[in-house]
Amino acid sequence: AIYYRLFIPELFPQYSKVLYLDADIVILDDISKLYEEDVDNYCLGVVRDDVISLCDEFKDYTIKALGVANEKYFNSGILVMNLDKMREHHILNKFLYMIPNFQFVVAPDQDFLNILCKDKVKYLNTNWNFAPLNNAQFNDDVKLIHFKLTAKPWHYDNIQGGDKFWLYANKTDFKYYLQN
């Protein structure tokens with residue numbers, strides 16, 4: 001299922017642009033602002049991955065295993081996808097060729113996208129993909145909270161932005177499943 005996003009350009013040929021969002025997020029601003037980002041000359045609009053900077057092993061991994069500089073490695077949970085450009089660059093065909101020959105263990109879908117779209121991405125403001133990890137500081141400019149890795153307020157207390165998650169979760173029928 002993690003690879004589904006790679007099939008979006010071919011599954012929806014009638015669309016030229018889509019917004020892909022992971023399920024473990026809370027949106028704090030008008031999401032149309034993210035969708036309206038100009039990605040005409042790029043395959044993807046992305047936010048740099050902040051986890052890479054947390055340890056040297058991740059930095060080495062992006063360079064040695066993927067051939068992507070760690071400061072260019074992006075998170076694949078929030079994507080503004082230019083489907084026309086992805087089709088033009090045959091991203092799905094390249095992925096289908098690569099998948100039987102390469103295995104990535106850190107974040108396979110993200111790693112493939114970083115390789116396949118290398119130098120074909122527009123980096124967006126980090127406020128569109130805030131992750132409440134380690135020393136990250138939540139502020140009023142945050143537009144989207146991404147509860148990635150272990151930063152899940154439905155599993156742990158005292159997660160930054162967890163109050164925002166529960167504000168919306170408590171308005172759904174799923175709140176009982178999340179609280180147990």
Side-chain angles (χ1 to χ4, degrees), residues 1-27 31 34-35 37 39-55 57-124 126 128-133 143-155 165 174 177-178:
I2 61 173
Y3 298 124
Y4 288 166
R5 70 196 85 184
L6 287 153
F7 289 84
I8 291 173
E10 304 308 321
L11 288 172
F12 301 99
Q14 69 273 33
Y15 296 112
S16 59
K17 183 179 183 182
V18 300
L19 185 59
Y20 172 87
L21 303 172
D22 273 358
D24 56 351
I25 65 166
V26 170
I27 300 166
I31 199 66
L34 178 58
Y35 181 82
E37 286 283 345
V39 294
D40 287 347
N41 297 315
Y42 305 93
C43 287
L44 302 171
V46 299
V47 176
R48 287 180 175 85
D49 193 290
D50 48 358
V51 173
I52 293 304
S53 64
L54 298 179
C55 78
E57 289 82 6
F58 282 151
K59 291 177 186 176
D60 288 345
Y61 174 79
T62 65
I63 294 167
K64 293 177 182 174
L66 308 176
V68 176
N70 57 67
E71 66 275 2
K72 291 189 173 189
Y73 185 82
F74 60 85
N75 178 269
S76 66
I78 313 307
L79 301 171
V80 181
M81 302 176 75
N82 180 338
L83 303 186
D84 291 336
K85 279 287 183 200
M86 292 180 78
R87 289 182 204 106
E88 179 184 318
H89 288 283
H90 308 285
I91 299 298
L92 178 61
N93 290 338
K94 291 174 182 175
F95 167 69
L96 293 173
Y97 174 79
M98 288 179 70
I99 195 162
N101 301 308
F102 295 91
Q103 287 190 331
F104 300 112
V105 295
V106 175
D109 56 316
Q110 187 164 289
D111 293 346
F112 275 115
L113 279 168
N114 270 274
I115 292 169
L116 294 167
C117 296
K118 182 179 176 182
D119 300 323
K120 298 176 192 74
V121 299
K122 177 183 180 181
Y123 295 97
L124 307 175
T126 57
W128 282 114
N129 197 351
F130 173 80
L133 300 167
K143 299 173 183 312
L144 186 149
I145 305 171
H146 189 179
F147 297 104
K148 58 187 176 178
L149 298 176
T150 58
K152 311 284 190 205
W154 54 95
H155 289 302
F165 170 81
F174 296 102
Y177 299 105
L178 294 167

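One-based numbering along the sequence shown. None of the values given here were measured: they were computed from a predicted structure.
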Engineer: Supply the atom-to-atom distance F130 CZ to K148 NZ, rounded to the nearest 0.5 angstrom.
Structural biologist: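 Answer for the CZ-NZ pair, F130 versus K148, is 10.5 Å.
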Engineer: Between OH of Y20 and CD1 of I78, what distance do you get to the nearest 0.5 Å?
Structural biologist: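 Interatomic distance, Y20 OH to I78 CD1, rounded to 0.5 Å: 8.5 Å.
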Engineer: Closer than 3.5 angstrom, by distance alone: can the side chain of K17 be matched with the main-chain N or O of V39 as a donor-acceptor pair?
Structural biologist: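 Not at all, since once roles are kept as given, no pair shorter than 3.5 Å links the two residues.
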Engineer: So which heavy atom on D84 is nearest to which on R87, and how close?
Structural biologist: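 So the two residues come closest at OD1-NH1, 2.8 Å.
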Engineer: Can you say whether the rings of F165 and W154 are parallel (under 30°), tilted (30 to 60°) or perpendicular (over 60°)?
Structural biologist: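 Aromatic pair F165/W154 classed tilted.
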Engineer: Within a strict 4.5 Å, meaning less than it, do heavy atoms of the M98 and I115 side chains meet?
Structural biologist: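 Side chain of M98 against side chain of I115, heavy atoms only: contact under 4.5 Å found.
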Engineer: Counting only N and O atoms by type, is there a donor-acceptor contact under 3.5 Å from the side chain of K120 to the main-chain atoms of L44?
Structural biologist: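 Judged by distance alone, no pair lies under 3.5 Å.
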Engineer: Distance to the ring centre below 6.0 angstrom and angle to the axis at most 45 degrees; does that hold for K85 and Y42?
Structural biologist: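 No.
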Engineer: Are any non-hydrogen side-chain atoms of P9 and I91 less than 4.5 angstrom apart?
Structural biologist: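 Side-chain contact under 4.5 Å: no.
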Engineer: Parallel, tilted or perpendicular, judged at 30° and 60°: which one describes the rings of F95 and Y3?
Structural biologist: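 Correct class here is tilted.
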Engineer: Do the side chains of F74 and V68 get nearer than 4.5 Å, heavy atoms only?
Structural biologist: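 No, every pair of side-chain atoms sits at 4.5 Å or beyond.
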Engineer: Will you find, in the side chains of Y73 and N75, an N or O donor that is under 3.5 Å from an N or O acceptor?
Structural biologist: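 Short answer, no.
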Engineer: Below 4.5 Å, heavy atoms only, C-beta onward: do L66 and F104 meet side chain to side chain?
Structural biologist: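 Side-chain contact under 4.5 Å: yes.
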Engineer: Classify the angle between the aromatic ring planes of Y15 and F12 as parallel (below 30°), tilted (30 to 60°) or perpendicular (above 60°).
Structural biologist: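 Rings of Y15 and F12: tilted, 30 to 60°.
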Engineer: Taking atom CG of D22 and atom CZ of F147, what is their separation to the nearest 0.5 Å?
Structural biologist: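 Reported to 0.5 Å precision, the distance equals 12.5 Å.
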Engineer: How long is the straight-line distance from CG of D111 back to CG of L116, given to the nearest 0.5 Å?
Structural biologist: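 Rounded to the nearest 0.5 Å, the CG-CG separation comes to 10.5 Å.
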Engineer: State which residues pass salt bridge (charged side-chain N to carboxylate O under 4.0 Å, His left out) with D40; sequence neighbours excluded, sorted by chain then number.
Structural biologist: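 Counting only residues at least two positions away or on another chain, D40 forms no salt bridge (charged side-chain N to carboxylate O under 4.0 Å, His left out).
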Engineer: L21 vs I27, test: side-chain contact (heavy atoms from CB on, under 4.5 Å). Steps then yes/no.
Structural biologist: CA-CA 10 Å; L21 303 172; I27 300 166; 3.9 Å; yes
Engineer: Taking the side chain as every heavy atom from C-beta outward, state whether V46 and W128 have any atom pair closer than 4.5 Å.
Structural biologist: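 No, their side chains stay 4.5 Å or more apart.
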Engineer: Just verifying a value: how many Å separate L34 CG and L19 CG, rounded to the nearest 0.5 Å?
Structural biologist: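 Rounded to the nearest 0.5 Å, the CG-CG separation comes out at 5.0 Å.
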Engineer: State whether the side chain of R5 and the backbone N or O of S76 hold a donor-acceptor pair below 3.5 Å, judged by distance alone.
Structural biologist: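 Yes; judged by distance alone, with no hydrogens or angles, the pair exists.
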Engineer: Which residues satisfy the side-chain contact (heavy atoms from CB on, under 4.5 Å) test with L149, sequence neighbours excluded?
Structural biologist: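 So L149 forms a side-chain contact (heavy atoms from CB on, under 4.5 Å) with V51, L133.
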Engineer: Please report the shortest heavy-atom distance between C43 and C117, naming the atom on each side.
Structural biologist: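 Taking C43 first and C117 second, the nearest heavy atoms are CB-SG, 4.1 Å.
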Engineer: Just how far is it from atom CG of D49 to atom CG of N129, taken to the nearest 0.5 Å?
Structural biologist: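 Result: 8.0 Å between the selected atoms.
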Engineer: Under the rule for side-chain contact (heavy atoms from CB on, under 4.5 Å), what residues qualify as partners of N70, not counting sequence neighbours?
Structural biologist: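 Per chain and number, N70 pairs via side-chain contact (heavy atoms from CB on, under 4.5 Å) with I52, K59, T62, I63.
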Engineer: Side chain of R48, backbone of T126: donor and acceptor closer than 3.5 Å?
Structural biologist: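 No; zero donor-acceptor contacts below 3.5 Å.
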Engineer: Are there more than 12 heavy atoms of other residues, nucleotides or ligands under 6.0 Å from atom NZ of K72?
Structural biologist: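 Open.
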